[in-house]
Protein chains: 2
Amino acid sequence: MPHCCAQHAPDNALANALEQLRAHEMRVTEPRKAMLGILTREHGPFSAEELHHKLKGKSCDVVTVYRSLQAMEEIGVVRRCDFGDNTYRYEINHGDHHHHHIVCRTCRSVQVLDLCAVGKLERIAREMGYENITHTLEIFGTCPKCAKKQVRPDKHAA
Amino acid sequence: MPHCCAQHAPDNALANALEQLRAHEMRVTEPRKAMLGILTREHGPFSAEELHHKLKGKSCDVVTVYRSLQAMEEIGVVRRCDFGDNTYRYEINHGDHHHHHIVCRTCRSVQVLDLCAVGKLERIAREMGYENITHTLEIFGTCPKCAKKQVRPDKHAA
DNA sequence: TTTCGTGCAAAACCTTTGCAAAGTG
DNA sequence: CACTTTGCAAAGGTTTTGCACGAAA
C-alpha cells in the first residue's frame, strides 16, 4: 500500500514515534522499538496478544506489551480502538491525519474509513474547558458478504 | 431534567423499548422490564454491575443483566459505550436523537455532548454495502477541575 | 406445549499489579 | 548513578458458558 505522504512512511513514522517517547522522558527500549516497528510497518490495529505474537524473535513478555501500549497511548503515540469484542486494539497515531473503522458485526472484518468529522464535537469540548482532547469513533455494520449469507437477517439486526 | 420531546419521556421510552423486544420475538420478562425502567428513567450509561445494584428489590442475577444487555444491544434497544476503563456501560438508545460523551481522562466524570455529526461516515459505509449501521463515538479529555490540580500536566498529556 | 430466559456455579478472558532484576540515559 | 522498564507469577475484574429449572407466548 502506497503512503499518502512522507510523514506516514514507515521509517519516518517510526522515527517520529521514538522522538515522542524521548520528548516525554520515556526510555527507548528494544521491546518498544520492536512494537513501534510493527505498528508503523503493518497496518490495522492489533491487540496486545497479536502484537506480542508478531514479536516472535525479539520477544518480550506480554505484560511488557500491555504496559508499553498503555504508556504510549497516554502520550498519544498510539491510539486505542474498541471493536466491541472485549479486546482493545492499538494502532499508530498519525495525529491529525487519522481515520476510523467499519467493523462487521458478524465476521469482525475491519475496513478503513479515511475521513474524520468530529472537529465540531472536539471544539465544543474545548469550549467546555477540557484539555488534551482525543476521541474514538467506530462504525459497526453487517458487511456485504455477511449480509448475503445471513440466515435470519432480522433476528440480530438493529 | 425536562425532556426534549414526548418520545423520550420515560414512560414512552419504556413502552417503546418493550415494543421493540416483542417485535424481535424476545420475551418481556420482569428483569428486562426492571432494567429498561431504570435505563429510561435514570440518565447516564451504567455498567452491568451498576445496573444490577440498582435492581435491589426485584433483583435478578448479574448474569441475567449481562445477557439481557447483550441481547438488547443486538436489536438496538440499548447502546453500549466504552469509556476506556475496561467496563462497558449501557444507555437507552433513542435512535436518531442520540448524543455522545466527554469522559475525563483523570476523574472519569462524564458529560453529555448533545450533537452527532457522523452522518457522512455512515453514508459512506452504506455505500460500501454495509447494513444495520451503528457507531460509537466518545471524546476524551482532561476536565477543567482536573486540569487545574494536575501536578505534572505534561507527563500524561497527549 | 414449545421456546426462550434465568440462576447458579464455574470458567474464560483480558488486563493489571508487586517485586526483584536488568536496562537506559 | 538515578530512574525507568522488564519478567515472572499471581491476582483482579469483567464477561461468558453449561445445564437444569422456571417462565412467557
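A, B, ... follow the sequence lines: proteins, then strands. Residue 1 opens every chain.
- For the OP1/OP2 pair of C:dT15 and a distance below 4.0 Å, the side-chain nitrogens and oxygens of A:Gln70 include no atom meeting the criterion.
- Under the 4.5 angstrom side-chain criterion for Ile, Leu, Val, Met, Phe, Trp and Tyr, the cluster partners of A:Val62 are A:Tyr66.
- Legend: residues meeting side chain to side chain contact (heavy atoms under 4.5 Å, CB included) with A:Ser109, ordered by chain and number and at least two apart, are A:Cys104, A:Cys107, A:Cys143, B:Tyr130.
- For B:Asp114, the salt bridge (charged side-chain N to carboxylate O under 4.0 Å, His left out) test picks out no residue, with sequence neighbours left out.
- Other members of the hydrophobic cluster containing A:Val103, listed by chain and number, are A:Phe83, A:Val110, A:Phe140; membership follows side-chain contacts under 4.5 Å among ILVMFWY residues, whether direct or relayed.
- Under the 4.5 Å side-chain criterion, counting only non-hydrogen atoms from C-beta, B:Met26 is not in contact with B:Val28.
- For the helix from C:dT1-D:dA25 to C:dG25-D:dC1, the axis fitted to the five pairs at one end and the axis fitted to the five pairs at the other end meet at an angle of 50° (nearest 10 degrees).
- Rounding to whole angstrom units, CE of residue B:Met72 and P of C:dG5 are separated by 11 Å.
- Between the CG atom of B:Leu55 and the CG atom of B:Asp61 there is a distance of 11.0 Å, given to the nearest 0.5 Å.
- Here D:dA2 presents its C1' atom at 13 Å from CD of A:Glu25, a figure rounded to the nearest Å.
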Review item, nucleotides 11-14 of chain D N/O atoms under 3.5 Å of protein N/O:
none

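- The distance between atom CG of A:Asp61 and atom P of C:dA21, rounded to the nearest whole Å, is 17 Å.
- Using modelled atom types, no side-chain atom of B:His99 and backbone atom of B:Val112 make a donor-acceptor pair closer than 3.5 Å.
- Heavy-atom nearest nucleotides on DNA chain C were determined for B:Val62 and for A:Arg80, and the one closer to the 5' end corresponds to B:Val62.
- Scanning for side chain to side chain contact (heavy atoms under 4.5 Å, CB included) contacts around A:Gln70 gives A:Glu74, with sequence neighbours left out.
- Interatomic distance, NE2 of A:His52 versus OG of A:Ser59, reported as 5.5 Å (0.5 Å rounding).
- B:Glu49 meets the side-chain hydrogen bond (donor to acceptor under 3.5 Å, both in side chains) test with no other residue; sequence neighbours excluded.
- Rounded to an integer number of Å, the gap from B:Glu73 CD to D:dT16 P is 11 Å.
- Per the geometry, CG belonging to A:Leu36 stands 13 Å off P belonging to D:dT5, to the nearest Å.
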Protein-nucleotides 23-25 of chain C N/O pairs under 3.5 Å:
from, atom 1, to, atom 2, distance (Å)
C:dG23, N2, A:Arg27, NH1, 2.8
C:dT24, O2, A:Arg27, NH1, 2.6
C:dG25, OP1, A:Val28, N, 3.3

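- B:Lys33 has its NZ atom 20 Å from the P atom of C:dC4, to the nearest Å.
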Sort me out a list of protein N/O and nucleotides 18-20 of chain D N/O pairs below 3.5 Å, or just none if empty.
from, atom 1, to, atom 2, distance (Å)
D:dG18, O6, B:Arg67, NH1, 3.2

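- Scanning for salt bridge (charged side-chain N to carboxylate O under 4.0 Å, His left out) contacts around B:Glu131 gives an empty result, with sequence neighbours left out.
- Distance NE2 (B:His52) to P (C:dC8): 9 Å, rounded to an integer number of Å.
- The side chain to side chain contact (heavy atoms under 4.5 Å, CB included) test applied to A:Asn86 returns B:Tyr88, not counting sequence neighbours.
- Side-chain atoms of A:His101 and A:Glu91 form a donor-acceptor pair, as typed in the model, at a separation below 3.5 Å.
- Look at B:Ser68 and you'll find a side-chain N or O under 4.0 angstrom from OP1 or OP2 of C:dT6.
- Salt bridge annotation for A:Glu73-A:Arg79: absent, with no cationic side-chain nitrogen under 4.0 angstrom from a carboxylate oxygen.
- Atom pair A:His24:NE2 and D:dC3:C1' shows a separation of 18 Å (rounding to whole Å applied).
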